[in-house]
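Have a look at the structure below before the remarks.
This one's a predicted model, so the numbers in the text were calculated from it and none came from an experiment. A note on names: the letters A, B, ... follow the listed sequences, proteins ahead of strands, and every chain is numbered from 1.
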Amino acid sequence: MASLAPASVLAAQASLCYPKSLEGLEKCSTMAEIKQFHSQIIRLGLSSDNDVMGRVIKFCAVAESGDLRYAHKMFEKMPHPDAFIYNTLIRGYLQCHLIRECILLYLQILQDSVTPNKFTFPSLLRACSIGNKIDEGRQAHAHLVKFGFENDGFSQNNLMYMYASFHSLQEARRVFDNMSQKDAVSWTTLISGYSQWGFLDDAHEVFRSMPEKTSASWNAMIAAYVQHNFFQEAFSLFDEMRTEKIELDKFVAASMLSACTALGALEQGRWIHGYISKSGIEFDAKLSTTIIDMYCKCGSLEKAFEVFNGLPSKGISSWNCMIGGLAMHGRGNAAIELFKKMEKQMAAPDDITFVNVLSACAHSGLVEEGRYYFRYMAEFHGIEPKSEHFGCMVDLFGRAGLLEEARKLVDEMPFEPDAGVLGALLGACKVHGDIELGDSIGERVIELDPNNSGRYVILANLYARAGRWDDVAKTRKLMNDRGLKKTPGFSMIELEGIVSKFIAGGMAHPEAKEIYAMVDEMLEQIKKMGYVPDTDCVLYDIDEDEKELPLRYHSEKLAIAFGLIKTRRGETIRISKNLRVCKDCHHASKFISKAFDREIIVRDRNRFHHFRNGECSCDDYW
DNA sequence: ATAGGGTTAG
């Protein structure tokens, strides 16, 4: 073998014929190895050879353990880099979401008079999608046509993806319709594109007319339903998929798990978990985290811990998820202990970890600990607090009644507080009746988040508490004028795998009569124990319809009654709500847990309440 | 080289 063949010969002989000393280049897995080869290459005088250097640059630019800056440096030293090298580099920048660089490289390719090939456009178009570069994307489309790749399937699929991401679904559709060879990716991309913008009917139509569905296309449709809260449809599509004997993969499993999470459907979630174990679907880091999250949010910390403890190696998301789970259940100290364990096991925390730790402190009233970790994250981990962290701190102080400190923190933030931060402060004002402060920030919150009806409701409630009915009316009018409606509250309960949903005063349930009778019985019993209805939330409610509904038939009470009817003595009753639990329901639930000797676990918008023997795990701190 | 999944305060 000629160990010193000139570069031109090497290039002509393509990939098979390196000098012996370059054997193994393809198998590099670390930068250290590749750098050794690079110095070999320089010694052999091949550092301008596109073929050899292309391989080196490819590793550096796109491999997991690569080094994009190093790739770029080598690229700059190439006298005549070819299209492959350009493409590879664009792909590298794309992976890092450095969109400007992708586009600049494309411009450079033209300047260098190198002809782009069909591999150039998929990455370029994808870059335009991610960076929402609409003009550039259209130009790229024009170039693609000019260079004659209009009929390249990969480019067409990426065009569809791009136009869908630009919200130009008609153009995505036009590309699709013009394709002579549609593959599974083309169909699936169109389904997801429609779904992304809420056109579920179109997505469904495309899905139905797809000739040979793959698991990815099933999943695209299932995920579409889940994301838009059509859980029933998601479950029935899932069933259909199983009857058609399509093999379920981890993506479908993940989509279904998130449906269970949203519904609080523990039994269903368990079933999917069991199915995954049986079917041999691989428990990768993402799927494990999804499962842990499902158990946390469906109210079973025990099962979540079981899965968490069984993980062979714990990724940062699993830790974050578990800490967040403890936070949500009001187990602040346990969350902090787990965080310490995480640090000991050398898993470096990130900003999300601290959101969870701080929210754990907030939910448990651990003010000193919260203060400590807020400083600690920057000082020991170099993580500068973001708006989420300020939000947690404002919530922590606000909930604890330290409104002045909360306000001071907002004033001293190094950047403009967003709706989240101010909203937390407004919420605290409502809880503690600080009209003056609430009045001063309420308008700002609404200005920053004008389409969130919840903001108006809180402000109106604050005014109502102060008896400022003119302001209540003004706020309500503003909300109505903007076409916003108060989010209707509902409660869900899953029994034998079926989720029932209740709204306050609703009669739609086939067993409504029995349920209402049970509510009456419940209230009868607990009144004997000293329960007195708390009518505060009725008085303050700004929604007329809601105001007329008797407190006693709030959705949560209906769901609990249904649970009492349908489950055996001693069984835990689990409820999920879309809003926060109201004061009266909270009060009543404590009594009910004692009167009927049941543990009642309620997930509200923010956290869990475990009612047991007349008490709640939140200690009335919420 | 292109499609589908996870953790984030109120």
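Judged by distance alone, with hydrogens and angles left aside, A:Asn320 brings a side-chain donor or acceptor within reach of the base of B:dT7, the pair sitting under 3.5 Å. Counting atom types as modelled, A:Thr289 pairs a side-chain N or O with a base atom of B:dG6 as donor and acceptor under 3.5 Å. At a cut-off of 3.5 angstrom, the base of B:dA9 holds no donor-acceptor pair with the side chain of A:Ser359.
Between B:dA9 and A:His363, no contact under 4.0 Å exists linking OP1 or OP2 to a side-chain N or O. Taking side-chain N and O atoms only, A:Arg126 has a distance below 4.0 Å to OP1 or OP2 of B:dA3. Under 4.0 angstrom from either OP1 or OP2 of B:dT2 there lies no side-chain N or O belonging to A:Lys182. Between A:Arg399 and B:dG10 there is a side-chain N or O to OP1 or OP2 distance below 4.0 Å.
Among the nucleotides B:dG10, B:dG6, B:dA1, the one closest to the side chain of A:Lys286 is B:dG6. In the set B:dA3, B:dT7, B:dG10, B:dA3 carries the atom at the smallest distance from any side-chain atom of A:Ala216. Listed nucleotides: B:dT7, B:dG6, B:dG10. Nearest to the side chain of A:Cys321: B:dT7. Residue A:Asn219 has its side chain nearest to B:dG4 when only B:dA9, B:dG4, B:dT2 are considered. With B:dG5, B:dA3, B:dT7 as the choices, the nucleotide that has an atom nearest any side-chain atom of A:Leu287 turns out to be B:dG5. Nearest nucleotide to the A:Gln227 side chain, out of B:dG5, B:dG6, B:dG4: B:dG5. Closest approach to the A:Ser192 side chain among B:dG4, B:dA1, B:dT8 is made by B:dG4 (side chain taken as heavy atoms from C-beta onward). Checking B:dG5, B:dT7, B:dA3 against every side-chain atom of A:Lys250, the shortest atom distance belongs to B:dG5. Of the candidates B:dG5, B:dT8, B:dT2, the closest approach to any side-chain atom of A:Phe154 belongs to B:dT2. Side-chain proximity of A:Arg455 to B:dG4, B:dA3, B:dG10: nearest is B:dG10.
Aromatic pair A:Phe238/A:Trp218: ring centres not closer than 6.0 Å.
Note on A:Val185: a base of the nucleic acid sits closer than 4.0 angstrom, heavy atoms only. At the heavy-atom level, A:Ala184 lies under 4.0 Å from base atoms of the strands shown. Using a 4.0 Å heavy-atom cutoff across all strands shown, A:Asp249 reaches at least one base atom of the nucleic acid. Nucleic acid contact class of A:Thr189 (heavy atoms, under 4.0 Å, all strands): sugar-phosphate only. As judged by a 4.0 angstrom heavy-atom cut-off over every strand, A:Asp284 is placed among the base-contacting residues. At a threshold of 4.0 angstrom between heavy atoms, the contacts of A:Ser215 include nucleobase atoms, whether or not backbone atoms are also involved. Across all strands, A:Lys297 comes closer than 4.0 Å only to sugar-phosphate atoms, never to a base (heavy-atom distances). In this structure, A:Arg91 reaches the sugar-phosphate backbone alone: every heavy-atom distance under 4.0 Å involves primed, P, OP1 or OP2 atoms, never a base.
Put simply, CD on A:Glu212 is 21 Å from P on B:dA3, counting in whole angstrom units. Atoms CZ (A:Arg607) and C1' (B:dT8) sit 18 Å apart, rounded to a whole Å. Counting to the nearest Å, the P atom of B:dA9 and the CG atom of A:Leu426 are 19 Å from each other. Spacing between atom CD1 of A:Ile281 and atom C1' of B:dG4 amounts to 13 Å, rounded to whole angstrom units.
Look at A:Lys303 and A:Glu306 and you find a salt bridge, because one of the NZ, NE, NH1 or NH2 atoms lies within 4.0 Å of a carboxylate O, short of that distance. Ion pairing between A:Arg455 and A:Asp449 holds under the 4.0 Å rule for side-chain N and carboxylate O. Under a 4.0 Å N-O distance rule, the pair A:Glu337/A:Lys340 qualifies as a salt bridge.
Taking a centre distance below 5.5 Å and an interplanar angle below 30 degrees as the stacking criterion, A:Trp187 does not stack against the six-membered base ring of B:dA3.
The closest side-chain heavy-atom distance from A:Gln156 to A:Phe149 is not below 4.5 Å.
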Quick one, A:Arg174 with A:Asp177, criterion salt bridge (charged side-chain N to carboxylate O under 4.0 Å, His left out). Give me CA distance, side-chain angles, the key distance, then yes/no. CA-CA 5 Å; A:Arg174 198 178 312 150; A:Asp177 288 338; over 6 Å; no
Given A:Glu368 and A:Arg371, is the salt bridge (charged side-chain N to carboxylate O under 4.0 Å, His left out) satisfied, shown in steps? CA-CA 5 Å; A:Glu368 283 319 309; A:Arg371 259 196 205 112; 2.4 Å; yes
